[in-house]
Amino acid sequence: MAAHTFIAISELHPNFSHPKVAGIVIGKSDVKSFPDRKNIGVDRFTFSFTVKDSPDFFINVTAWGNDGYINLLSGSFSVGDCVVIENPLVATKDPEKGERFCPTTPSHYRLLVTEAHSQVYLCADIDTMDRLLPLIHLPVKDSRDFYSLGDIVANGQKLDGTVINVLAAVKSIGEPKQFTTSDRRKGQRLEVKLFDDSVSSLPLVCWDREAIQLVQTLIPKETVLFIADVKISFDSFRNSMAATVNSKTIITVNPDTREASLLFSYAKEASESGALDQDEKPEDVTVDSITDVYTVTQLKEKAQENPEAFFGITYSFISKLDLDSSVSKVIRTRCTRCKLQVMEETQSCPNQLCPGRDQAFSASTGFDLLVDFTDHTGTVHGCALRSPMAEQALGCTTNEFTMLTDDQRTAMKWKFLLERCKIYVKILPSTKMRTGIRGVILACTRADPGEVKQHMSALLQRL
């Protein structure tokens, strides 16, 4: 199938006979049904999708038919697939008849597909696919025309009800929630947490199955999204702003733009440095309010079952605490605004997306340790122990620590390694850590032997 047999979207016209179009699917709606006005008691089924065949041109396609045809067709391809559309009806766009519920396109036309006259199938021509596939990473709007999450928060309720473009990274993906409406229609809802260099978390809500299926394939902290025409609203329940995917929204995953590349670099550095863990705000839960006790195995099992962060206590030995490493590995300096590690002598933040890049440089120095803790059931590796919690646990400040001799640091290390500790920890699921979880230590004290015995007995009774 040669590429020259396809008609470019930019050249489509209603006068064409038997047109054939190839494009990559960049957006897709759920299947919907409506009563057929010509046949009482019969429903007509429909869904829409958007295809792109060049950097600047894309078009909406609407398929109509019976239940079997529409659901089979909808299930035959997804966003990111290359498809061929044979003999669609090329119709002039009518803003009053449904275009307001479809993505905005540069074409003057829309395509209509029916079972009797048209065919839609996956493209099998390698040359055509090689030409189309890169287009999935090009936003449908100007790559510089977007709001940062900081802009959204700063404008607040002024943006309530508006439709804008957003560039943000994926922080976490929740679990889909199923529900039934009052008229017995089934629905679903999934929430994604977005972040960028200015805001640590802003919710993106998805209601359509197609949108949910798309975002469930994304990798948190490694994915940047350009979200065109997303609705912004004020969530009175949470007293904050939120974004919602709607029928006009097109999500571009990992856009091939300079702005997205900078944000991707920031997201990667923030994730690797642990800055995102700090943004999780463990102070939202006081240590005194944490009462659930876990073994290491139970922490791992709960993290696998629950994608959300949770808090707990574990009675464990500190099995790795590299206090006798070089001071630069124990104490680090971070930019106070974006939390990335900086070299103290440079007096500047290397992050091009730092929200304080136009302000005087500000940094803070503190303990920045990775700790392993172990009990009779296993080990959690690489838990973050940072200031000010580290000062409380170690019983000294960073200045006092730098004055210690190597022997004194080693003695401090073994003081912890030889005793069971009561560790208050925040657990965050992770696909990267060996244990499948990441931990942030909120407090660490020597465990009272009687308390340990009491809780171990309680744990054994639960097993």
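One-based numbering along the sequence shown. Everything numeric in this text was worked out from a predicted model, so none of it was measured.
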Counterpart residues, ring pair (Phe, Tyr, Trp, His ring centres under 6.0 Å), relative to [X] (two or more places apart):
| X | result |
| --- | --- |
| Tyr424 | none |
| Phe47 | Phe49 |
| Phe401 | Phe367 |

Mind checking what makes salt bridge (charged side-chain N to carboxylate O under 4.0 Å, His left out) contact with Glu191, not counting sequence neighbours?
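So Glu191 forms a salt bridge (charged side-chain N to carboxylate O under 4.0 Å, His left out) with Arg189, Arg238.
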For the aromatic rings, using the six-membered ring if either is Trp, is the centroid distance between Tyr294 and Tyr315 under 6.0 Å?
no
For [X], which residues count as a side-chain contact (heavy atoms from CB on, under 4.5 Å) partner, sequence neighbours excluded?
| X | answer |
| --- | --- |
| Leu72 | none |
| Asn246 | Lys231, Lys248, Thr249 |
| Ser261 | none |

With ring-ring contact (aromatic ring centres under 6.0 Å, His included) as the rule and sequence neighbours excluded, what pairs involving residues 157-177 come up?
none
Under the ring-ring contact (aromatic ring centres under 6.0 Å, His included) rule, what pairs show up with a residue in residues 150-176, not counting sequence neighbours?
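Pairs touching residues 150-176 that pass the test: none.
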Would you call [X] and [Y] a side-chain contact if the rule is heavy atoms closer than 4.5 Å?
| X | Y | value |
| --- | --- | --- |
| Val330 | Asp368 | no |
| Leu204 | Val170 | no |
| Ile313 | Ile290 | yes |

Of all pairs that satisfy salt bridge (charged side-chain N to carboxylate O under 4.0 Å, His left out), the ones with a partner from residues 400-414, not counting sequence neighbours:
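The answer is Asp324-Lys413, Asp406-Arg409.
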Which residue pairs pass the salt bridge (charged side-chain N to carboxylate O under 4.0 Å, His left out) test when at least one of the two sits in residues 140-149, sequence neighbours left out?
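Only Lys141-Asp229, Asp142-Arg144 qualify under salt bridge (charged side-chain N to carboxylate O under 4.0 Å, His left out).
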Answer yes if the side chains of Ser48 and Thr62 hold a donor-acceptor pair under 3.5 Å, and no otherwise.
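Yes - a donor-acceptor pair under 3.5 Å links their side chains.
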Checking side-chain polar atoms at under 3.5 Å, does Thr374 have a donor or acceptor matched by the opposite partner on Ser316?
no
State, to 0.1 Å, how close Val293 and Gln298 come at their nearest heavy-atom pair, and which atoms those are.
O-OE1, 4.1 Å
Work out which heavy atom in Lys171 is nearest to a heavy atom in Ser200; give both atom names and the distance.
NZ-O, 3.0 Å
Which donor-acceptor pairs under 3.5 Å do the side chains of residues 146-158 make with protein atoms, sequence neighbours left out?
from	atom 1	to	atom 2	distance (Å)
Ser148	OG	Gly150	N	3.4
Ser148	OG	Asp151	N	3.1
Ser148	OG	Asp151	OD1	3.4
Ser148	OG	Asp151	OD2	3.1
Asp151	OD2	Ser148	N	3.0
Asn155	ND2	Asp151	O	2.7

Using 30° and 60° as the class limits, which term best fits the ring planes of Phe195 and Tyr266: parallel, tilted or perpendicular?
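Phe195 and Tyr266: tilted rings.
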